[in-house]
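A short write-up of the structure that comes next.
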There are 2 protein chains.
Amino acid sequence: MTDAMPSPLTVGQVAEQFAVTVRTLHHYDDLGLLTPSERTRGGYRSYSRADLDRLSTIVVYRRLGFSLEQIAALLAGPDDLIEHLHRQRANVTSQLGQLRALVTAIDNALEAAMSKRPATRAELQELFGDGFDEAHEREAEERWGDTPAWTQTRSRTASYTPADWTAIRAEADAVHAAFVAAYQSGAAADSPAAREAARAHRAHLHERFYDVDAQLHRGLGEMYVADPRFAATYDALAPGLAVYVRDAINAHADHQGE
Amino acid sequence: MTDAMPSPLTVGQVAEQFAVTVRTLHHYDDLGLLTPSERTRGGYRSYSRADLDRLSTIVVYRRLGFSLEQIAALLAGPDDLIEHLHRQRANVTSQLGQLRALVTAIDNALEAAMSKRPATRAELQELFGDGFDEAHEREAEERWGDTPAWTQTRSRTASYTPADWTAIRAEADAVHAAFVAAYQSGAAADSPAAREAARAHRAHLHERFYDVDAQLHRGLGEMYVADPRFAATYDALAPGLAVYVRDAINAHADHQGE
DNA sequence: GCTTGACCCTCACGCCACGTCAGGGGCCAA
DNA sequence: TTGGCCCCTGACGTGGCGTGAGGGTCAAGC
């Protein structure tokens with residue numbers, strides 16, 4: 001937690017500090033993208049402070065989705081970063097469009113493959129597992145039965161078809177996956193990736209169950225940490241995830257409020 | 001344009017009919033995913049009607065983003081297609097979230113890298129090339145000067161910064177890329193991919209320049225075909241694209257109207 | 001029957017950013 | 001000196017094909 005590290009570092013130390021693997025550093029060395037400025041007598045790579053600066057630039061560019069070749073060009077020439085960023089944005093936006101079309105296609109396939117009657121309890125249970133049994137539902141009723149959110153939830157979910165429920169389940173899984181991906185990539189709880197996951201989380205609840213404003217969203221985040229059953233659900237996906245989710249929700253809300 | 005093809009087909013014929021490459025068919029054969037039921041004396045692959053049916057299933061699954069391994073499983077076992085579709089949807093949705101976060105990150109980088117003064121004419125010209133000179137602008141003024149769309153465009157674009165303009169350029173490029181990708185993939189003008197591109201096109205204009213309803217959007221589509229300069233711009237990206245864009249816009253509008 | 005040209009065959013390497021062994025050596029404390 | 005942890009350099013694997021190289025096959029026209 002302190003940066004009182006001696007200046008020349010070994011691969012392992014550098015790897016840990018930048019949350020990359022040793023293999024990645026070897027790879028960058030092979031490509032000539034980041035060659036440590038010294039070697040020890042024994043042949044160990046020895047990274048200077050300047051090497052670390054360069055690496056941090058590389059890591060940032062990588063997070064922006066640049067290829068290693070592009071990064072090398074950016075680091076070498078006085079090329080225009082802004083122009084590269086625009087090209088990159090266009091690429092990513094184009095990919096976004098393709099993916100959105102893909103989701104539409106999948107949804108169409110799903111609709112074609114499924115019947116449209118409202119879902120039975122058995123189907124719900126199969127979809128959501130132990131989390132969706134009668135006891136769970138009765139408790140929710142007792143706990144929130146007189147809140148507007150619960151009323152809204154009851155009226156909206158009553159008409160959902162099996163297709164809707166499986167879509168909802170898929171969305172929920174995707175939201176969880178996004179949180180886990182951000183968390184395990186080492187991104188901070190207020191990083192774009194984490195805030196994006198929080199945004200998706202709120203949008204999911206808002207669209208499928210009940211109106212969620214920033215205030216209520218923060219409350220949910222706190223509950224995920226405070227209520228051991230919610231905490232256990234998240235921590236089962238990745239230890240420490242519940243706290244991360246709460247922090248990401250708060251970061252998202254802060255960011256929106258600006 | 002007729003399907004009066006003899007039933008046993010060679011790789012080249014099959015490849016053309018399904019818009020895949022010969023190498024792809026070889027690859028599927030290598031994997032055992034699609035082994036043609038016969039060979040000629042000379043060793044040529046010979047695809048029967050049943051082989052073609054199987055291939056069409058494979059192609060559809062590929063468009064839905066399944067891996068070849070998953071497709072093999074789906075074709076082999078009586079596995080649940082619906083479950084696979086949900087998993088696939090969750091994956092794609094997760095990727096969507098990641099990409100959205102990436103766009104945010106890039107935008108932040110761009111904002112950090114650029115100043116915020118309004119853009120100069122020289123900058124606009126550099127960005128948009130020949131399409132943005134004084135003559136062009138005067139003509140536009142004469143042609144549309146008294147329409148509400150043009151008034152709105154003037155008032156909104158006046159405050160755009162260089163960062164805004166480069167983002168707009170990137171978006172426009174992305175929209176074009178989406179049209180070209182859909183067009184060249186062989187997808188019909190009313191396919192999800194093409195309609196998604198049309199949606200992005202309308203959203204782009206709507207957000208950046210002036211309010212575009214379905215009616216106005218259709219009008220623009222017709223103009224892209226009718227006005228030779230617009231048609232030339234699109235056809236330069238890919239011959240026949242102008243007509244495709246118009247048809248995609250109409251398909252999108254029809255779909256929305258349902 | 002022979003030539004021609006379009007089509008087909010089977011290897012086999014290349015791509016991208018590493019992951020994952022395997023086999024061997026260095027470093028440091030007890 | 002021993003042990004345990006770290007480091008080194010190859011070298012192959014991943015997915016879904018693209019792209020040759022080097023050579024055989026087929027149908028049509030002469």
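Here is the naming used below: chain letters follow the sequence lines, and residue numbers restart at 1 for every chain. The figures here come from the full heavy-atom set of this structure, side chains too, leaving out hydrogens, waters and symmetry mates.
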Exercise. Round to the nearest Å and state the distance from Gln70(B) atom CD to dG16(D) atom P.
Key: 9 Å
Practice problem: Flag the pair Phe179(A) / Tyr244(A) as yes when their ring centroid distance falls below 6.0 Å, and as no otherwise. | Solution: no
Quiz item: Closer than 4.0 Å, any side-chain N/O of Arg62(B) to the OP1 or OP2 of dC17(D)?
Solution: yes
Quiz item: So what does Leu68(B) hit on the nucleic acid, given a heavy-atom distance under 4.0 Å: a base, only sugar-phosphate, or nothing?
Solution: sugar-phosphate
Quiz item: Atom CG of Asn91(A) and atom P of dC16(C): how far apart are they, to the nearest Å?
Solution: 15 Å
Practice problem: Would you mind reading off the distance between Gln13(A) atom CD and dC5(D) atom P, rounded to a whole angstrom? | Solution: 16 Å
Quiz item: Between Leu33(A) (CG) and dC16(C) (P), how many Å, whole number?
Solution: 14 Å
Quiz item: Roughly, in whole Å, what's the span from CZ in Phe66(B) to P in dG15(D)?
Solution: 17 Å
Quiz item: Any idea which of dA17(C), dT25(D), dG16(D) is nearest the Tyr44(B) side chain?
Solution: dT25(D)
Quiz item: Within less than 4.0 Å of OP1 or OP2 of dT25(D), is there a side-chain N or O belonging to Thr40(B)?
Solution: no
Quiz prompt | Near-ring test Tyr61(A)/His84(A), centroid separation under 6.0 angstrom | solution = no
Practice problem: Could you tell me whether the phosphate oxygens of dC7(D), OP1 or OP2, come under 4.0 Å of any side-chain nitrogen or oxygen in Thr10(A)? | Solution: yes
Exercise. Whole angstrom is fine here: how far is it from CG in Leu25(A) over to C1' in dT9(D)?
Key: 16 Å
Practice problem: Answer yes or no: is there a side-chain heavy-atom contact under 4.5 Å between Leu237(B) and Tyr183(B)? | Solution: no
Quiz item: Any side-chain N or O of His26(B) under 4.0 Å from OP1/OP2 of dC9(C)?
Solution: yes
Quiz prompt | Side-chain touch Tyr28(A)/Thr35(A), heavy atoms, less than 4.5 angstrom | solution = no
Quiz prompt | Nearest-nucleotide 5' precedence on DNA chain D, Ser67(B) against Asp29(A) | solution = Asp29(A)
Exercise. Between dA11(D), dC17(D), dT10(C), spot the one nearest the side chain of Arg39(B), thanks.
Key: dT10(C)
Quiz item: OP1, OP2 of dC8(D) versus side-chain N and O of Arg45(A): anything below 4.0 Å?
Solution: yes
Exercise. Would you mind telling me which residue lines up with the more 5' stretch of DNA chain C, Arg41(A) or Thr21(A), judged by nearest nucleotide?
Key: Thr21(A)
Quiz item: Closest nucleotide of DNA chain D for Arg23(B) versus for Gly43(A): which of these residues is on the 5' side?
Solution: Gly43(A)
Quiz item: Which is true for Val22(A) with a 4.0 Å heavy-atom rule: it touches a base, it touches only sugar-phosphate, or it touches nothing?
Solution: nothing
Practice problem: Considering just the side-chain nitrogens and oxygens of Tyr28(A), establish if one lies under 4.0 Å of OP1 or OP2 belonging to dA17(C). | Solution: no
Quiz prompt | His27(B) NE2 - dC8(C) P separation (whole Å) | solution = 19 Å
Practice problem: Return yes if some donor-acceptor pair links the side-chain N/O of Gln88(A) with the main-chain N/O of Gly65(A) below 3.5 Å, else return no. | Solution: yes
Exercise. May I have the distance from Asp30(A) (atom CG) to dG10(D) (atom P), rounded to whole angstrom?
Key: 9 Å
Exercise. Please step through salt bridge (Lys or Arg N to Asp or Glu O under 4.0 Å) for the pair Arg49(B) and Asp53(B), ending with a clear verdict.
Key: CA-CA 6 Å; Arg49(B) 182 152 301 272; Asp53(B) 287 348; 5.8 Å; no
